[in-house]
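Right, one structure below, let's go through it.
Counting begins at 1 with the first residue of the sequence.
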Amino acid sequence: MTLQTHLKKELSLLDLTMASLGAIIGSGWLLASQSAAEGAGPSAVLSWLIAGIVVMLLGLVYAELGSFLPEAGAIARYPQYSHGPLASFIIGWAAFVAYSALPAVESEAVVTYAQSYIPAFKGAHGTISLLGLMTAAGLMIVFYTINYFGVRTFARVNTPLTLLKFFMPSLTIVLFFIFGFHARNFQVDGFMPGGSAGMMKVVSTAGVVFSYLGFRQAVDLSGEAKNPGRDVPLAVVLSLIIGIALYTLLQVVFIGAVPSSVLAHGWQSLSYSAPFAQLAVTLNLAWFGVLIFADAIISPLGTGNVYMATTPRVLYALAQNRHVPKIFRKVDPLTGVPVSALTAGLIVGIIFLAPFPAWQALVAVASSAAVLTYITGPVSAAVFRRTAIHHARPVRLGGLGLIAPLAFIGGSLIIYWTGWNTNAPLLGIILAGLILYLLAGFTAPQEIARPDKQSVKSAAWLIVFLLFMLVMSYIGSGIFGSPANHGKGIIPYPWDLVVVALFSLAFYYWGVQSGYRTRDLTERLEESLTAGKEDHASSVADLHHHRH
């Protein structure tokens, strides 16, 4: 093992698109339609559209960021360039927590579907048994093995696998429309039995927004792209357009295919362990049900494999920032993989299985953590427009001044909708990680970069934002969260949403104003100049302006 600063650039547009689409089409298509219908009934269709709009706004921002500064583990690098090391650590740590959980989510999905024909995987009260959790851990080791042999091996496995994964849900939509669509189901208990709050709640807790969040895999792998300026933005936008259309139509056909007898007690009574496969049997499509059971192994495995690939890139980026020990910067010279970071991701992912032995519980945690890391992208993008005015941008997003704050507000609402029972432990983990990082910086300054006064000042908005979201989750309406552990209702619905939106807008502008021209950004732009990856004349002018 040797210390390297460059990963291998071997990924094409197809590979990047399939990486994002492969992360989008995973366990969500198999389980989220039922989870959303339980909480929102037919209005779950609108839940997918709401989540799709928010994630598309975020995706457009990341399309510019991914072409502007292609980086491995980009989510932890962009805040480093725009706000310094303290903000970067907070987001990088949250991203590592979220990404480490995602292979576990996909492994649990495989086991959950398998409960239909392997009863030993069933635990008490809808959870997964010890044998099921051990099986899920074994699947994660398979992901690890595939990724151990390099990004090219990952792409060779993932690209054809994703094409197959896309075929099955597409065929499901066609067959369910033809053989089992009942429009009257959209009037059972009314179109919106859970009210508008139920429709919004499932965006966060039922796996809806979780299913879309895979779009950023192309950004996180952009440091290994052959032509990142062109291919990363295209991969992000293409994968999201396909994903939004696919999931919205899947929800429509699921609502229409549920038998009337099952709906006699309302949408909340749905209890399929393998929703689409079991519905296929009721529609006399048993042969297709068998294919769905097979895809219930392929789709989550493919997505888990994608997330196992991107998790070590985030830890690698944290090591590049000197937020974690330099051992996580070590790249195998033969495969180009940060093996130590890959191993750490596997270990943390397996640990996640124990406290969350149910797919939906783990999805809520992963969704909230992932959205938190995504909503800093609009802030960084706005800062770069000011601090790197002349730097070449292969993609320059029109209307960033409107799109970025809307994306930030939408992401903040999604975090809030997750509820107190999820946000309290998650934000506690993030703040605990922050404390440990600060202690490490003072006790081992040669190993861990200690934040300076400027970076502390620039990260203040983010720390206060986290505390604000924690407080709002506690004092907000009791609609969001679990029945036994929700907000106290001090600020009732829907005024709680107004408060979150208005304060989020203020935090966005505070964050933009807190950004500055960091030394890391200057060094990164100089590297781009040396490599010939930008317009030399304008970039030299930009560097000269900021230095003098």
Side-chain angles (χ1 to χ4, degrees), residues 22 24-38 42 44-45 48 105-123 126 128-129 132 135-136 139 160-186 188 206-207 211 243 245-265 267 269-304 358-360 363:
I24 290 172
I25 305 174
S27 58
W29 99 261
L30 296 162
L31 297 169
S33 291
Q34 173 173 279
S35 297
E38 286 180 66
V45 174
W48 288 100
V105 169
E106 301 304 325
S107 298
E108 282 191 350
V110 175
V111 174
T112 299
Y113 245 71
Q115 288 176 342
S116 298
Y117 52 88
I118 306 179
F121 286 169
K122 290 184 178 180
I128 299 172
S129 67
T135 303
L139 293 175
L161 196 61
T162 300
L163 291 172
L164 178 61
K165 287 166 58 179
F166 174 72
F167 173 76
M168 282 302 297
S170 300
L171 186 58
T172 299
I173 292 169
V174 173
L175 292 179
F176 275 43
F177 260 127
I178 294 174
F179 293 103
F181 188 77
H182 308 293
R184 62 179 179 273
N185 284 4
F186 283 81
V188 174
S211 299
L246 193 69
Y247 275 112
T248 302
L249 290 173
L250 280 169
Q251 187 68 64
V252 169
V253 298
F254 179 86
I255 296 291
V258 178
S260 302
S261 58
V262 175
L263 295 177
H265 300 289
W267 292 100
S269 64
L270 294 175
S271 59
Y272 296 115
S273 59
F276 279 107
Q278 289 168 286
L279 281 177
V281 173
T282 66
L283 300 177
N284 296 316
L285 298 171
W287 63 272
F288 188 60
V290 173
L291 293 181
I292 294 178
F293 273 118
D295 189 72
I297 298 174
I298 295 171
S299 286
L301 286 182
T303 304
W359 182 82
Q360 194 168 343
V363 158

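A side-chain donor-acceptor contact under 3.5 Å links E106 and S27. For W48 and Q251, the side-chain atoms include at least one donor-acceptor pair closer than 3.5 Å.
Checked by atom type and distance alone, the side chain of N185 pairs as donor or acceptor with a backbone atom of I255 at under 3.5 Å. Side chain of W267 to main chain of V188: a donor-acceptor pair is present (N/O by atom type, distance under 3.5 Å, no hydrogens or angles). For the pair Q115 (side chain) and F121 (backbone), a donor-acceptor distance under 3.5 Å is present. With hydrogens and angles ignored, the 3.5 Å screen pairs a side-chain donor or acceptor of Q34 with a backbone N or O of Y272. Using a distance-only test at 3.5 Å, with no hydrogens or angles considered, a donor-acceptor pair links the side chain of S129 to the main chain of A120.
Atom OH of Y117 has more than 12 heavy atoms from other residues, nucleotides or ligands within 6.0 Å.
The distance from the CG atom of D295 to the OG1 atom of T172 is 7.5 Å, given to the nearest 0.5 Å. Atom CG of L31 and atom OG of S299 lie 10.5 Å apart (nearest 0.5 Å). S170 OG to L250 CG: the interatomic distance, rounded to the nearest 0.5 Å, is 8.0 Å. Atoms CD and CD1, from Q278 and I292 in turn, are 10.5 Å apart once rounded to the nearest 0.5 Å. The line from NE2 of H265 to CG of L270 is 12.0 Å long, rounded to the nearest 0.5 Å.
In terms of heavy-atom proximity, T248 sits nearest to V45 at CG2-CG1, 4.0 Å. In this structure, F177 and F181 approach most closely via the heavy-atom pair O-CB, 3.6 Å. Taking each heavy atom of V363 and G207 in turn, the nearest pair found is CG1-CA, 3.5 Å. Nearest heavy-atom pair, A37 versus A44, reported as atom, atom and distance to 0.1 Å: N-CB, 4.1 Å. The shortest non-hydrogen separation linking V252 to F186 is O-CZ, 3.7 Å. For T282 against P259, the heavy-atom pair with the smallest separation is OG1-CG, 4.3 Å.
The closest side-chain heavy-atom distance from T135 to V110 is not below 4.5 Å. Contact annotation: the side chain of W29 never approaches that of L246 to less than 4.5 Å [non-hydrogen atoms, C-beta and beyond]. Counting only heavy atoms from C-beta outward, the side chains of Y113 and S273 never approach each other to under 4.5 Å. Using a 4.5 Å heavy-atom cutoff, the side chains of L175 and V253 are not in contact. Contact of the L171 side chain with the F288 side chain is registered, since non-hydrogen atoms from C-beta on lie closer than 4.5 Å. Side chains of P169 and I25 form a contact here, defined as non-hydrogen atoms less than 4.5 Å apart.
When ring centroids are compared, F176 and F276 come within the 6.0 Å threshold.
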